[in-house]
Amino acid sequence: MVLEIMEPNTCIRGCCYSQTIPLHLRPSSYSLFSPIARGAESVVYEAVLDGKKVAVKKPILSTSEDLDKFHKELQLLSKLDHPGILKLVAAHARPPNYMFFFEFYEAGNLAQKLHVEERSLSIGQVIEITAQLAKALLYLHSLGIVHRDVKPANILLDENLHPHLADFGLAEYKKDLKQVSILNWKSSGKPTGGFHKKNMVGTLIYMAPEVLRKEIHTEKSDVYSFGVTVNELLTGVVPYTDRRAEAQAHTVLEMSYTEQRLTAAVVSEGLRPVLAGPELGVPTGLLSLIQRCWDADPQNRPSLSDIVSELNVMLECGETEGAKKDTSVDSFVSCGNVDTTNSQSYQEPMNWFTCGQDFPEKAYLSSEDAPSTRLSSNDSMVYCPVVSCGSFSTCGRRETMEDRHFMFPHFSKENDIHFFGILDGHRGAAAAEFSAGALPGFLQTLLPMSSPSQALLEAFVKTDIAFRNELNSRRESKGTIQKDWHPGCTAITALIVKNKLFVANAGDCRTIISRAGQPNALSRGTSGKLFICCSDTTNNTHEQQYSVAS
Ligand SMILES: Nc1ncnc2c1ncn2[C@@H]1O[C@H](COP(=O)(O)OP(=O)(O)OP(=O)(O)O)[C@@H](O)[C@H]1O
Ligand SMILES: [Mn+2]
């Protein structure tokens, strides 16, 4: 693509200049389409520039500091030219529009691949990606630039699975870092290195102890984040969500007190993510490299040139056997054609919802044949509420939505039965999605045979067992799931049968009913217990608690 350069090719201020990349564009040369990502500080759009598909990053500019930041990022980006770094093809640096135009990387970012599409990488793929990423970082460091936000979400993949390091929003010249750090502390009272980003959780877990201690970032802090990232690529597990002892890190990571606790543990107790296990077949050299990268003492961490040499040796020794095949376009981008016999390649993304829906049918009757429920039988004197329902969901500060819900007014085609549920996914959406598919089906088959509370109890237990079985059989036979991946969810449901409301929950969630504007807790959050409560229109409530066999 040869883009027309309009002289003088500078930004509005004259501080950014390039000989090869246009810094202002005619409005007719580009069109922006739908947003592909909304960050705290920018929106990224799919777009077309001179007939070619590109990604446009439009920073949210609300203060003059944001504008300064745009110019700084543009100066930096227009100097970078490396195959492992996201390529800037143009910019528009004049009012009213400030935008970066990047080459479009079809396969999205690595965090999406691992945690949204829930695909696993082969060891060969990880080493290949890691080696290219290391070269990109070595290039940056040799220019005196520290990236300061290395993490899977900032690594974009093209259709050949080649990584391109992105997001230079925090990058700085090493020589300026001291000053930047002082200024940031003065202006915000907050340390540098991602703390000021609104979605700081995503970044916090990649931060080196010295950065958490508010010391100055160095190249070795990038090495630390690189180590955490490589381990995540191998395990497929978000750092620290795998530590069971970290009491439900999923939930608590979103609360500031645990950010502090995690910070303290990383800094003073040497807490690190769980290292990829040798059972995954990871070469010991790579495991040792990761551990040296995340050493508490920056001086003990290898430099990027050492890392590149070590990875080159691994590549030459054929540690990536089979990787060439794995990195074909088919095995990754066009999911429909994945060879699922090769457990090491990217797998077809799983549809846990339909998988869950299949279960009750396999185990019981088909839903079509389900007999009508006993409870719907006549009692025309009973008051039956008219139910209206709606839902709203937002994923908050997480990068992806892990929660699911379902709404079945007139459940099973019965006028006076309604069933609703919310599932809060942990370590991915798989369990929540599966349960949203399975739970209503199980309940439908159980309701005609037992009381509503008994049916709810059994539907919960059966869903739990079905998910475990499915996970285990996929682990064992199809090899599509990593051994140390333990997805889960909490669940809360409300079943209305005529004039009675039955609520059930498992895990740390509970139902609250509003009666004449007054909140009344119906169920209690419990762990390892299933809590069922029945409440009728006379204000009577009856509670039952069951231990679940896990
Ligand atoms: N060139 C590109 N091709 C394809 N997708 C892209 C491209 N650039 C960005 N994206 C998508 O947009 C997301 C956000 O981009 P980037 O990290 O640069 O923005 P950001 O505003 O810094 O986001 P955040 O604050 O969430 O880190 C990326 O993770 C990726 O999914
Ligand atoms: Mn980013």
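Remember, it's a predicted structure, so these values are computed and weren't measured experimentally. Keep in mind that the numbers below use all heavy atoms, side chains included, and drop hydrogens, waters and symmetry copies. Just follow the structure's listing: the first ligand is 1, and inside any ligand the first atom is 1.
Counting heavy atoms from C-beta outward, Ile21 and Val89 have side chains that stay 4.5 Å or more apart. You'll find the side chain of Leu80 reaches within 4.5 Å of the side chain of Leu140, heavy atoms only. Side-chain contact between Leu133 and Phe226 is present, with heavy atoms from C-beta onward closer than 4.5 Å.
Of all the heavy atoms of Ala153, the ones lying under 4.0 Å from any atom of ligand 1 belong exclusively to the backbone. If you look at Ala166 next to ligand 1, there are no close heavy atoms at all, none under 4.0 Å.
None of Arg301, His141, Arg148 except one satisfies the side chain to side chain donor-acceptor pair (under 3.5 Å) rule with Asp222; the exception is His141.
For ligand 1, the polar-atom distance check finds no N/O of Lys151 at less than 3.5 Å from any of the ligand's N/O atoms. Checking only distances, Asp149 never comes within under 3.5 Å of ligand 1, N or O to N or O.
The 12-atom threshold is not exceeded at CD1 of Ile422, counting heavy atoms of other residues, nucleotides or ligands nearer than 6.0 Å.
Taking every non-hydrogen atom of Phe102 and a distance limit under 4.0 Å, the qualifying atoms of ligand 1 come out as 1 (N). For ligand 1, the atoms sitting less than 4.0 Å from at least one non-hydrogen atom of Asn109 are 28 (C), 29 (O), 30 (C), 31 (O), numbered in the order shown with element in parentheses. Against a heavy-atom cut-off of under 4.0 Å, Ser42 is close to the following atoms of ligand 1: 19 (O), 20 (P), 21 (O). Atoms of ligand 1 lying under 4.0 Å from any heavy atom of Ile36, numbered from 1 in the order shown and given with element: 5 (N). The contact set between ligand 1 and Ala55, taken as ligand atoms under 4.0 Å from a residue heavy atom, comprises 1 (N), 2 (C), 3 (N), 7 (C). Within ligand 1, the atoms closer than 4.0 Å to a non-hydrogen atom of Leu86 are 1 (N), numbered from 1 in the order shown.
The nearest N/O/S atom of Asp167 to the Mn ion (ligand 2) is OD2.
Rounding to the nearest 0.5 Å gives a distance of 7.0 Å between OG of Ser29 and CE of Met6.
Closest to atom 17 (O) of ligand 1 by heavy atom, among Asp167, Val56, Leu170, is Asp167. For atom 19 (O) of ligand 1, the candidate residues are Lys53, Glu46, Lys57; the nearest heavy-atom contact is made by Lys57. Which of Val54, Leu156, Leu110, Val43 comes nearest to atom 7 (C) of ligand 1 through a heavy atom is settled by distance: it is Leu156.
A perpendicular orientation is assigned to the rings of His147 and Phe168, their planes being inclined by more than 60° (bins at 30° and 60°).
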Self-check item: Step-by-step ring pair (Phe, Tyr, Trp, His ring centres under 6.0 Å) determination, Tyr45 to Phe33
Solution: CA-CA 6 Å; Tyr45 297 85; Phe33 304 124; 9.9 Å; no

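When all heavy atoms of Glu232 and Pro239 are compared, the pair lying nearest together is OE1-CD, 3.0 Å.
The six-membered or imidazole ring of Phe434 lies away from that of Phe353, with a centre-to-centre distance of 6.0 Å or more.
Taking backbone and side-chain atoms together, Asn109 has no N/O/S atom less than 2.8 Å away from the Mn ion (ligand 2).
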